[in-house]
Amino acid sequence: NIYCYIDMKCMSDKDIEMLINDAMILHSKLNSNKLFFKVVNLRFSQILDKIKSYGNSNMVVEFDFHSDAVHKIISSDIELHYIGLIITNQKFLNENLKFLYRLKIPIFKVAQNGFYTIKESVFLSSNSKKAEKVSSIIFDISTQLKLEIALFDVHLENSEEQEKII
């Protein structure tokens, strides 16, 4: 299942629309069962009406009115909906990088100019044994999307980040 977290307070309508469009493209191209949209911090707009219209048997739209912490919401939804891929934008990724990394679930960051401008997927790992568990998913997604793959083994030594390209 694919998961798309939308925070209407922090995202512009343009960012939300691009996130939704890319999520729908991925859902159609990948062998996923369902696409889940989690919408928080609702505000009335045309994009909200558009989001509401997407619910069907393959796409689920959920609204969160409780404004729980983003990490709590996403962690709960991963368990509840058996999420295998999270779709996000650059800003959300930057603000939540450590949390998303600890989830050990593939993350798809949308491109600034949309899905069709993406040329490669990137796989970051700091633990080769854990990387083996996730790598098959990354290779499968990259193959289905016809993307090149860049693999990085990241090690933290003496407080300096070192990278080895595999």
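Numbers here simply count residues along the sequence, with the first being 1. Computation of the quantities below employed the complete heavy-atom set of this structure, encompassing side-chain atoms and omitting hydrogens, waters and symmetry-equivalent molecules.
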I'd like to know if the side chain of [X] and the backbone of [Y] have a donor-acceptor N/O pair within less than 3.5 Å.
X	Y	answer
Asp22	Val110	no
Asp64	Val40	no
Ser28	Ile25	yes

Over all atoms of both residues, closest heavy-atom pair of [X] and [Y]:
X	Y	value
Met11	Arg43	O-NH2, 2.9 Å
Ile86	Ile74	CD1-CG2, 4.2 Å
Asp77	Ile83	O-CG1, 3.7 Å
Ser32	Ile2	OG-CD1, 3.6 Å

Spell out, yes or no, whether Leu80 and Phe36 are grouped together once hydrophobic residues are joined by side-chain heavy atoms under 4.5 Å, including indirect joins.
-> no
Hydrophobic cluster membership, Ile105 vs Tyr82, 4.5 Å side-chain cutoff = no
Side chain proximity check, [X] to [Y], heavy atoms < 4.5 angstrom:
X	Y	value
Ile78	Tyr3	no
Cys4	Leu19	yes
Leu30	Leu85	yes
Phe65	Leu42	yes
Val61	Lys52	no
Phe92	Val70	yes
Phe99	Ser75	yes

Can you list the residues that meet the ring-ring contact (aromatic ring centres under 6.0 Å, His included) rule with Tyr54, with sequence neighbours excluded?
-> none
Contacts of His27 meeting ring-ring contact (aromatic ring centres under 6.0 Å, His included) (sequence neighbours excluded), chain-then-number -> none
Return the [atom1] to [atom2] distance between [X] and [Y], rounded to the nearest 0.5 Å.
X	Y	atom1	atom2	answer
Ile6	Ile47	CD1	CD1	7.5 Å
Met24	Lys29	CE	NZ	14.5 Å
Asp15	Asn89	CG	CG	5.5 Å
Ile51	Gln46	CD1	CD	12.0 Å

Derivation and outcome, side-chain contact (heavy atoms from CB on, under 4.5 Å), residues Val39 and Met8 = CA-CA 7 Å; Val39 185; Met8 295 188 78; 3.7 Å; yes
Report the C-alpha separation of His81 and Lys38 in whole Å, then their side-chain angles, then the decisive distance to 0.1 Å, and conclude whether the side-chain contact (heavy atoms from CB on, under 4.5 Å) test is met.
-> CA-CA 11 Å; His81 302 303; Lys38 175 65 87 167; 5.8 Å; no
Does the pair Lys50/Asp13 count as a salt bridge with the N-to-O cut at 4.0 Å?
-> no
Any donor-acceptor N or O pair under 3.5 Å, side chains Glu17, Asn21 | no
